[in-house]
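Just so we're clear, the structure is a prediction, and the values are computed from it rather than from any experiment.
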Amino acid sequence: MKSLRDAKIGQTVRVVRIRGEGAVKRRIMDMGLTKGVEVYVRKVAPLGDPIEITVRGYELSLRKADAEMIEVEL
């Protein structure tokens, strides 16, 4: 399964699953990244960290480590 980190700029993907435990998983879900939601990848910083996405109508920046926990389908 691909992670959000693998998505390319300009791609829209759908969240399939969020790995992780406890507070980390809860924080990601509180940002609006839940199963089934569509995510548009807007920008990736030159060194790959952070990743800027659009989810539920607002912009969000994620660290590579957090994006790696989010499984998506392309």
Side-chain angles (χ1 to χ4, degrees):
M1 186 63 63
K2 297 252 184 196
S3 73
L4 183 57
R5 183 177 174 197
D6 301 325
K8 305 289 182 223
I9 297 171
Q11 220 171 13
T12 300
V13 296
R14 184 178 306 274
V15 176
V16 175
R17 180 177 156 222
I18 299 172
R19 294 184 304 231
E21 294 294 322
V24 175
K25 184 175 181 178
R26 170 56 47 198
R27 184 173 55 83
I28 291 171
M29 292 176 73
D30 286 344
M31 289 188 275
L33 290 161
T34 56
K35 184 177 177 181
V37 74
E38 287 193 349
V39 176
Y40 174 73
V41 180
R42 294 177 41 91
K43 297 182 203 171
V44 177
L47 297 177
D49 201 14
I51 298 169
E52 188 174 306
I53 61 173
T54 300
V55 60
R56 299 182 190 264
Y58 70 95
E59 283 82 37
L60 179 66
S61 291
L62 286 177
R63 294 177 292 191
K64 281 194 291 189
D66 292 340
E68 190 73 40
M69 291 186 207
I70 302 166
E71 291 183 4
V72 297
E73 63 182 9
L74 307 176

Establish whether [X] and [Y] are linked, either directly or via other cluster members, by ILVMFWY side-chain heavy-atom contacts under 4.5 Å.
X	Y	result
Tyr40	Ile51	no
Met29	Val16	no
Ile53	Ile9	yes

key: Worked verdict on Arg27 versus Asp30 for salt bridge (charged side-chain N to carboxylate O under 4.0 Å, His left out)   = CA-CA 5 Å; Arg27 184 173 55 83; Asp30 286 344; over 6 Å; no
key: Sub-4.5 Å side-chain heavy-atom contact between Val39 and Val72   =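 No, side chains not in contact.
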key: Contact check, side chains of Lys35 and Arg17, non-hydrogen atoms, under 4.5 Å   = no
inquiry  = If you count every heavy atom of other residues, nucleotides or ligands that lies below 6.0 Å from Leu74 atom CG, does the total exceed 12?
reply    = yes
Nearest-0.5 Å distance, [atom1] of residue [X] to [atom2] of residue [Y]:
X	Y	atom1	atom2	answer
Arg26	Glu21	CZ	CD	12.5 Å
Asp66	Leu33	CG	CG	9.5 Å
Leu62	Leu4	CG	CG	6.5 Å
Lys64	Arg5	NZ	CZ	4.5 Å
Glu38	Thr54	CD	OG1	12.0 Å

ask   = If you measure only the distance, is there a donor-acceptor pair under 3.5 Å linking the side chains of Ser61 and Arg42?
value =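 There is no such pair (donor and acceptor under 3.5 Å, judged by atom type) between the side chains of Ser61 and Arg42.
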Closest non-hydrogen atom pair between Val13 and Ala7, with its separation =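 Shortest heavy-atom contact: CG1-CB, 4.1 Å.
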query = If you look at every heavy atom in Val41 and Lys8, which pair is closest and at what distance?
reply =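 What the structure gives for the nearest pair is CB-O, 3.5 Å.
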request  = Please assess Glu71 against Arg19 for the test salt bridge (charged side-chain N to carboxylate O under 4.0 Å, His left out), listing each intermediate value before the final yes or no.
outcome  = CA-CA 8 Å; Glu71 291 183 4; Arg19 294 184 304 231; 3.0 Å; yes
message = Would the distance check show the side chain of Arg63 and the main-chain N or O of Pro50 forming a donor-acceptor pair, the cut-off being under 3.5 Å?
response =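 Such a contact is absent between Arg63 side chain and Pro50 backbone.
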request  = Taking Arg14 for its side chain and Gly36 for its backbone only, find out whether a donor-acceptor pair lies under 3.5 Å.
outcome  = yes
